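These figures come from a predicted structure and were not determined experimentally. Every chain is numbered from 1 and lettered A, B, ... according to where its sequence line falls, protein lines coming before strand lines.
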Protein chains: 2
Amino acid sequence: MSRLPQPDRAELRLSAVLDALADPVRLRLLADLAADGAEADAERSCGIEAWSVKVHKSTLSHHFKVLRDAGVTSTRVVGRNRWIRLRRDDLEARFPGLLGAVLAALPEELERAGAPRPEGSGGQAANLAR
Amino acid sequence: MSRLPQPDRAELRLSAVLDALADPVRLRLLADLAADGAEADAERSCGIEAWSVKVHKSTLSHHFKVLRDAGVTSTRVVGRNRWIRLRRDDLEARFPGLLGAVLAALPEELERAGAPRPEGSGGQAANLAR
DNA sequence: ATGATGGTTTGAAGATTGTCAAACCATTCT
DNA sequence: AGAATGGTTTGACAATCTTCAAACCATCAT
């Protein structure tokens with residue numbers, strides 16, 4: 001069991017994080033991740049079916065790399081599976097309030113963005129914010 | 001005296017704001033604006049000399065449009081001059097904590113990005129790496 | 001071993017974006 | 001009126017990004 005390469009907490013760059021977040025697909029992935037709960041160990045499989053965005057698996061892999069390189073997520077390798085989690089603590093330490101502000105605004109943003117609905121689209125909005 | 005078109009507070013979109021902020025030049029413009037103070041009426045002329053980023057004036061105009069269209073800034077037209085200000089209140093109302101978090105992280109980010117070139121070597125892409 | 005599975009890497013096509021230069025527009029000055 | 005000024009718009013070019021498809025790699029199952 002190992003971990004895919006990722007920047008240390010101290011190396012996190014604001015511009016990289018903003019860049020990573022400035023994409024509709026990645027925002028949706030973020031929402032999926034956040035919906036898993038605020039516990040530090042909440043992870044999600046890398047499999048296509050686990051996410052509300054339906055794109056090619058290589059595209060998904062690409063977006064995960066962007067998020068990981070920016071320091072937004074952490075990826076644990078177990079066998080041939082990957083488990084992804086939000087780096088809430090590191091982000092909060094480096095950019096206090098940033099992730100929370102984004103997560104809070106996310107449900108409404110996705111609503112307006114329309115299209116892909118997570119299939120149970122009620123209002124689990126409250127779960128997203130820490 | 002009029003005002004360049006801008007989205008209403010209720011129309012502000014998270015993705016547009018993140019997009020607008022996910023650029024090194026615009027982050028620097030934001031820092032310049034924020035440095036003017038937190039008063040709601042702190043404005044800054046649109047003139048090239050007023051900003052710490054040295055790019056062509058049409059490029060500057062383009063970036064201001066992106067910021068304005070995203071709702072980050074507001075532009076007042078006086079004669080042949082423009083006066084730009086941060087829409088702090090509107091941003092705070094729509095995305096509480098977001099602007100503050102970005103502004104707080106900005107000084108260190110600009111530090112790492114490398115200071116604005118005092119002299120010469122103005123290659124096209126040399127100004128700020130992405 | 002052989003094959004299937006989960007995910008990454010590479011390659012290529014199309015769309016976006018950042019930049020400068022030149023033309024343009026409206027306002028102000030002489 | 002004519003010229004200068006502050007900024008916008010348009011056009012073009014290079015760089016980057018998103019996406020899918022196909023090849024690839026490592027692990028697990030048979």
(request) Please state whether the phosphate of C/dC20, meaning OP1 or OP2, lies under 4.0 angstrom from any side-chain nitrogen or oxygen of B/Thr59. (result) yes

(message) From NZ of A/Lys54 over to C1' of D/dT18, roughly how many Å is that when rounded to an integer?
(response) 18 Å

(message) Starting the side chain at C-beta, find the nucleotide from D/dT27, C/dT8, C/dG18 nearest to A/Leu4.
(response) C/dT8

(request) Please assess A/Phe64 against A/Thr73 for the test side chain to side chain contact (heavy atoms under 4.5 Å, CB included), listing each intermediate value before the final yes or no. (result) CA-CA 8 Å; A/Phe64 284 137; A/Thr73 61; 5.6 Å; no

(message) Contact between B/Thr75 and B/Gln6 at the side-chain level, heavy atoms closer than 4.5 Å - yes or no?
(response) no

(request) Ignoring the backbone of A/Asn81, work out which of D/dT8, D/dC28, C/dG7 is nearest its side chain. (result) C/dG7

(request) Give the rounded distance in Å between these two atoms: CG of B/Asp69 and P of C/dG18. (result) 13 Å

(message) Using OP1 and OP2 only, check whether a side-chain N or O of B/His62 sits under 4.0 Å from C/dT17.
(response) no

(message) Could you tell me how far apart B/Lys65 (NZ) and D/dT9 (C1') are, to the nearest whole angstrom?
(response) 10 Å

(message) Reading DNA chain C from 5' onward, which residue's closest nucleotide shows up sooner: A/Ser58 or B/Asp19?
(response) A/Ser58

(message) B/Arg13 and salt bridge (charged side-chain N to carboxylate O under 4.0 Å, His left out): which single residue from A/Glu109, A/Glu111, A/Glu108 fits?
(response) A/Glu109

(message) Within the 4.5 Å heavy-atom criterion, are A/Arg94 and A/Val17 side-chain neighbours or not?
(response) no

(message) If the cut-off is 4.0 Å, is B/Arg82 near the phosphate of D/dT8, judged by side-chain N/O to OP1 or OP2?
(response) yes

(message) At 4.0 Å (heavy atoms only), tell me whether B/His63 reaches a base, stays on the sugar-phosphate, or touches nothing.
(response) sugar-phosphate

(message) Expressed as a whole number of angstroms, how long is the span from A/His56:NE2 to C/dG11:P?
(response) 17 Å

(request) Quickly work out the A/Leu67 CG to D/dT18 P distance and round it to whole Å. (result) 10 Å

(request) Using whole Å, report how far CZ of A/Phe64 lies from P of C/dT8. (result) 8 Å

(message) I want to verify a distance call: between D/dC20, D/dG7, C/dT28, whose nearest atom is closest to the B/Lys57 side chain?
(response) D/dG7

(request) May I have the distance from A/Leu27 (atom CG) to D/dT18 (atom C1'), rounded to whole angstrom? (result) 15 Å

(message) Among C/dC20, D/dT27, C/dT9, which nucleotide has an atom closest to any side-chain atom of A/Arg80?
(response) D/dT27

(message) With rounding to the nearest 0.5 angstrom, report the CG to CD1 distance, B/Leu29 to B/Ile84.
(response) 8.0 Å

